[in-house]
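Lettering of chains follows the sequences in order, A, B, ..., and the numbering in each one begins at 1.
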Amino acid sequence: MDKSFLSYIRGPIVMIALLVAARYLFPNKMTFLFEVSTFGIYIIANDILYGYMGMVSFGQPFYLGIGAYTSAIYLAHIGHNIFVAIGLAIIMGLLAGLLFGPAYIRLRGDYFALINAATCAMGLFMVEKILYPITNGDDGLWYRSRFHETPFLDLRKPADVFWFTMIVLFLVLVFYTWLDRSTLGAGLRGIKASESKMKFLGYDTFKLRWTGFTIMTILASLAGSLYAINYGFVNPSITEPARAAEVLVATLLGGGGVYGPIFGTLAFMGIKDFVSSFMDRWELAVGVLTIIVCFKFKGGVWGTLQTIGAKFKTGKAKPADAVSGENAG
Amino acid sequence: MTSNALLKVTDLNVSYNKLHVLFNASIEVNKGEVVVIVGRNGAAKTTFFRTIAGFLKQDSGTILFKGKDIGNLPAYDIAISGLKYIHQDKHVFADLSVKENLELGSYATKDYNWDRVLEHFPKLKTLMDRKGGNLSGGERQMLLMAQSLLGTPDLILMDEPTEGLAPHFIDDLKAAFKKISQETTMMIIEQNLPLTAEVADRVYAMKEGKVVAEITEKKEIQALTFEKYL
Amino acid sequence: MFELYLTAVIFGLTISGILFLVSVGICIGFGLMRIVNMEQMVYYTFGAYMTYALVSSTGSFLLGLLCGTLVAAGSGYIVETQLLRRVYGKELMFTMVVTFSVFMIGIGLIQYIFGLSSKPVGMPFKVIVTIMGANVPLYRVIVFIISITVYFLIDMFLNKTIFGRAIRAGIENPDQVQGLGINIRRIFTITFVVASGLAGFGGVLNAPLVGVTPYMGFEMLLFAFITVILGGLGSLKGTLVSALIMGQVVSVGGTIYGPLAFVGPFIVMFIVILFRPTGLYGVKGRAFGFEEE
Ligand SMILES: Nc1ncnc2c1ncn2[C@@H]1O[C@H](COP(=O)(O)OP(=O)(O)OP(=O)(O)O)[C@@H](O)[C@H]1O
Ligand SMILES: [Mg+2]
């Protein structure tokens, strides 16, 4: 496999270029593109759990909420520096992974899914009620006016937040490409295929899972932090367990691979955006859509794109090429 | 060829997800025979039986039972049509008593003639109220055989019935095999070669997912010379 | 003071009753079909809304009870035969997402028909009884008695009838039940229809107590999952015992210290899971996702 530096950044550059192009082609869709990028990171986090390790969590909003509330609480009560806020969110994500990981990853698949749901509900309750004095409960925290100017990019301006998000997404994608090809990634996939075989081969599957879980919490927390920065306020709806389904649906829509999460997010957000233009609530549409995807498009959007891409240029169907082939062409 | 074989399997291929484990297996079983399948651990014997009994779906190949294609039937239809499979794990319903276990068999087959099946396993009569979970391995095997005999099936598939049993139980089972083979056809997976030599009319040897040999010579079976195929 | 706690205990029993009714389907779904049944609360919601519709149009609670239960059972029948049959034996994520989608579709339909706002449902009778000095609505006591009766009926059905034994055997080992020649699909369907009917019945009974909203199923789903996990997958008795515990944790716990009503169940579940990963009455070796250690 091509392991040159270029091969790691080629795909991510194309991806970011597409998003930037879209931002200038559809100027009024900037918020949408920001959400796709942020949510994409969140979905990548979940894909590490599901796509790599085969673990399903019904409590992903909790890990998103950790990042969002860490940044928000810091900005609303303590400091003014946005980069510090993001750094703190990453640290809290790391701590959450280290702390919850050992207890949760030992659990059987079904318990793991549901205990995360329970954790998420607890988290919601914490920010709504118990931590009321610092989170302001349902009213949410507002702190945009407290932002200090930052060097290079002025993150008080939405346009600059967009650029900043592009940089973060780029780094995340490079990391994800690396993971895809690394021994760590192979080890995580091995857990999904057969944990007992991995153990037999001498892997410490507990540590592997713990690592995967912690990467997930860090990335989800980072995504939450970006939300908090962009909107300048958070409220408890970010950690609602009811929204756990969105994550799973988008992950399934994506269908795995390095770019699956981004395309899944794009498809999911696109449909949500479209449906909510003529329907108050989009549950019905998302439900029907998911069932169709589950039964008819087993590979998800990315899988389907790759199949089509492979048909176009038979012979070589490398993911990075398929992206440019399908979207730029 | 003998198109009136009781069971005729042709070119069966089976895989677990993408792992291909059974390759082009073909066998025939005629009415009244005792056919034994031998092969090392992992030779895909269980996979073969489970596919015939409808618990696994084949990738390709046909399974004719009494001249009818059963390759796409659900397992319960196959069982009702007269082909019973006794699993390797010797699982009986732990929560139910021996009596209740048998009642379930009768419920499925509408055959309440217990005397006929218990005649082969007198020991079971004394255990009627014991919970399945408290039976010994040999007693479980007896119960499973009794259960499967309900409804007078045409063919019984047994997956390593003597695995892990004490020698005296094996003797009991051997006697039972001989009696049962009078009334029904049997196909047995067996690693115990001396036992095979005693009960088998015909032997198929399996190796690494393929049926590698068919041994019809009584002498060859008796002398255990088919061992070379394993 | 004593009366306060006695009232809390009795309120807790009512909550336990409802929790038990709505959890049966999830419990049996885990045990028999080996799926995580996220959509059970659709039937609960349907039951509650049917009650609202019929009580507000005809004024008859009994009619609501009948229709609510039947509509729930009927929806269960459609979902099982059209959809769930295709997911049995598939991986965990797949079944969870499919059943959750059904849940969202159900909620979407409710919103489409009844709108977003919450609706009140009147109590069928307003009698207050005094039990050892504590004043409680008779309706709450009756709900509990009904639920317990349902438990004993199910228990008797499972233990005394041959069909019930087939279900128990199926919970233990579905392959073997099929191997005997029992039509396991029919068992699945009948069991599922009864379970969704019970969830609907729970929704009907709970409607006067909590009112109806499109999202009423979400919260209930979490509580139901906690109940089933705490009790142990596939164990009806475990579900009842843990429903009884949960009811008291919510009600008495909430009386002692408000937030306990919400956090208490989670804490109890966490502790039990840490020491008994299979729940109070769970069966070992019942893996869905991972191989057992
Ligand atoms: N559920 C499964 N998923 C994946 N692979 C399996 C599964 N069951 C069996 N296999 C593999 O298929 C091959 C054949 O297994 P099978 O159980 O059919 O062998 P067998 O001949 O019955 O062995 P034994 O004598 O130990 O019972 C083995 O390599 C096994 O690892
Ligand atoms: Mg075997």
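Among the candidates C:Phe103, C:Tyr112, C:Phe94, the residue making the largest number of heavy-atom pairs closer than 4.5 Å to chain A is C:Phe94. Contact tally against chain C (heavy-atom pairs below 4.5 Å) for A:Thr119, A:Val249, A:Ile291: the top residue is A:Ile291. Per-residue heavy-atom pair counts under 4.5 Å with chain A were compared for C:Pro259, C:Gly106, C:Gly279, and the maximum is reached by C:Pro259.
Only the side chain of C:Leu222 comes within contact range of chain A, judged by heavy atoms closer than 4.5 Å. With a 4.5 angstrom heavy-atom cutoff, A:Tyr104 touches chain C only via side-chain atoms.
At least one cation-pi condition fails for A:Lys197 and A:Tyr203: the charged atom is not both under 6.0 angstrom from the six-membered ring centre and inside a 45 degree cone around its axis.
In the model, C:Thr189 has a side-chain atom that pairs as donor or acceptor with a side-chain atom of C:Arg85 under 3.5 Å. Side-chain contact, A:Asn46 with A:Thr251: a donor N or O sits under 3.5 Å from an acceptor N or O.
The one candidate from C:Val79, C:Leu198, C:Val22, C:Val71 that meets the side-chain contact (heavy atoms from CB on, under 4.5 Å) condition with C:Tyr43 is C:Val79.
Relative ring orientation between C:Phe114 and C:Tyr49 is described as tilted, the plane-to-plane angle lying within the 30° to 60° band.
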